[in-house]
There are 2 protein chains.
Amino acid sequence: MPSRVLLIDDDARLAELLSDYLSQNGVQLTAANDGPRGLSALEAGAYDAVLLDVMMPGMDGLEVLRRIRTRSDLPVLMLTAKGDETDRVVGLEIGADDYVAKPFSPRELLARLRAVLRRSRPGVVAERLRVGELVIDIPAREAEVGGTRAELTGIEFDILVALARRAGRVVPREALLAEAGRGDVVVGERTVDVHISHLRSKLGDDPRSPSLIKTVRGIGYVLAKE
Amino acid sequence: MPSRVLLIDDDARLAELLSDYLSQNGVQLTAANDGPRGLSALEAGAYDAVLLDVMMPGMDGLEVLRRIRTRSDLPVLMLTAKGDETDRVVGLEIGADDYVAKPFSPRELLARLRAVLRRSRPGVVAERLRVGELVIDIPAREAEVGGTRAELTGIEFDILVALARRAGRVVPREALLAEAGRGDVVVGERTVDVHISHLRSKLGDDPRSPSLIKTVRGIGYVLAKE
DNA sequence: GCGTGGCCTTAACACTTCTTCACCGCATGA
DNA sequence: TCATGCGGTGAAGAAGTGTTAAGGCCACGC
């Protein structure tokens, strides 16, 4: 079975060129010519990896990567301008798996793509998240801690998922609201605090022991990695 | 637990430089200065990844890589000369996980190393610092001295981490503020003194015995190396 | 349409954390 | 030894967060 790869890049000529070359080598390439289209293509279809251009008008590649990482662990290979170390390092820190500096040879790209695909696990879509004692079943919208089910409301569940997807990393309040589907509505950020408070008590947080959800003053919250 | 990484490279100066930088970031580097020694070090010890120079006298890096791949899937990151595309592509095809072109910045190397470690064994990326009696768990944001947990506030923790990363070296006040994420905000430097004072008492510092955190008059503070 | 109940948001107050200030003691160099 | 300046530390004020409770909104059933 060929690997399905999504290319997000505004350069149509490159897309065609790559598509040709890769299809001869067992990779089926789909192209999206900007960030938003790329993201919705990811929502809609099943892909094994993403090729992502960093320099794009509108939503730039790093932003696209951030959004991809909020919802999946799909392997992402960045395409960066030669010598732009900052983008590369930031990209890798956000969670890119690799990068290729432009201009690149198709042969090198293929080799790196294969290296990335080889490492990634089959069975891509994670419908269940596990972070330490916490288990989240996303389609069923259920969460449990140490085997005990927690009765969460809608937004509480969404906030918990947003935290769990980035366990160990700080998630700003506004990002939590955005991922809970409140990004467009204007809502006081203190609202998040209240939901966090409820989450903590429902997740059986003992005030004496180190909390599962930690506060990062002035920014947001982190879910402890174990 | 720090990640253990084996460097196979004939350049002793590079080895020392990298070892310093990586050890501050939770990676324990062991150096082998040629291919055969590298291979036997791999036989002997447990490593989480390999940094492999391609250009070496005697057995070259690609040959070393081939032999590694006959017996293990250990993540291998190649160090190649800039622009030498052939080596890079061959290396990736043989089964290297990534490469970094020389000359590289330590920061980029670290980022790539972490990306590789993250893929291969989630959870091994070193996020724990140890300095004498002091143990710091960075993602959990917890610190303990001699087995006793210290309840630190956010900025106290950040300052402690900044000191621990450079244990044994003097860290100026402004650097401490910068690493605690206050680099942009204008804050009086005396603020640091107050936090240091709190840290000392929370870390169980006895005023009579030599302090864990030493003052360097006119400059800043040092964390005693043990 | 009307009441009911659940959920989200806001407000208010208690509490924690960070910063600044003030005062004191100690180290340093004349 | 004395003068000076730097750092240690307690305390107060400012800013941020935890938590409870009340009000508004919506969906649902009657």
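Side chain of B/Val194, nearest nucleotide from C/dT19, D/dA15, D/dG18: C/dT19.
Counting to the nearest Å, the C1' atom of C/dT17 and the CD atom of B/Glu156 are 9 Å from each other. Residue B/Lys202 contributes atom NZ, which lies 14 Å from atom C1' of D/dT9 at whole-angstrom precision. Separating the CG atom of A/Leu199 from the P atom of C/dC7 is a distance of 13 Å, rounded to the nearest angstrom. Atom CG in B/Asp193 sits about 10 Å away from atom C1' in D/dT9, given to the nearest Å. Rounded to whole Å, atom P of D/dG10 lies 8 Å from atom NE2 of B/His198. Rounded to whole Å, the distance from CG on A/Leu152 to P on C/dC7 is 11 Å. The CD atom of B/Glu189 sits 16 Å away from the C1' atom of D/dG8 (whole-angstrom rounding). Nucleotide D/dT17 holds its C1' atom 11 Å from the CD1 atom of A/Ile196, rounded to whole Å.
Evaluation of atom-type donor-acceptor distances gives a pair under 3.5 Å for the side chain of A/Arg190 against the base of D/dG18. Contact annotation: side chain of A/Arg217 to base of C/dT17, donor-acceptor pair present below 3.5 Å.
Base contact: B/Thr191 has a heavy atom under 4.0 Å from a base atom.
Between D/dG8 and B/Tyr221, a contact under 4.0 Å exists linking OP1 or OP2 to a side-chain N or O. A sub-4.0 Å separation between OP1 or OP2 of C/dC8 and a side-chain N or O of A/Thr153 is present. Proximity of A/Ser201 to the phosphate of D/dT19: no side-chain N or O atom is located under 4.0 Å from OP1 or OP2. Contact between the side-chain N/O atoms of A/Thr215 and the OP1/OP2 oxygens of D/dG18 is found at a separation under 4.0 Å.
Of the residues listed (A/Ile159, A/Leu223, A/Val194, A/Leu212), the one engaging A/Leu199 in a side chain to side chain contact (heavy atoms under 4.5 Å, CB included) is A/Ile159, and it is the only one.
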*Apply side-chain contact (heavy atoms from CB on, under 4.5 Å) to the pair A/Val161 and A/Asp158, showing each step before the final yes or no.*
CA-CA 5 Å; A/Val161 169; A/Asp158 292 336; 5.5 Å; no
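A/Ile8 has its side chain within reach of A/Val64: a pair of non-hydrogen atoms, C-beta onward, lies under 4.5 Å apart. For the pair B/Leu110/B/Tyr21, a side-chain contact is recorded, criterion being any heavy-atom separation below 4.5 Å from C-beta on.
Of the possible polar contacts, none joining the B/Arg149 side chain to the B/Glu142 backbone as a donor-acceptor pair under 3.5 Å is found.
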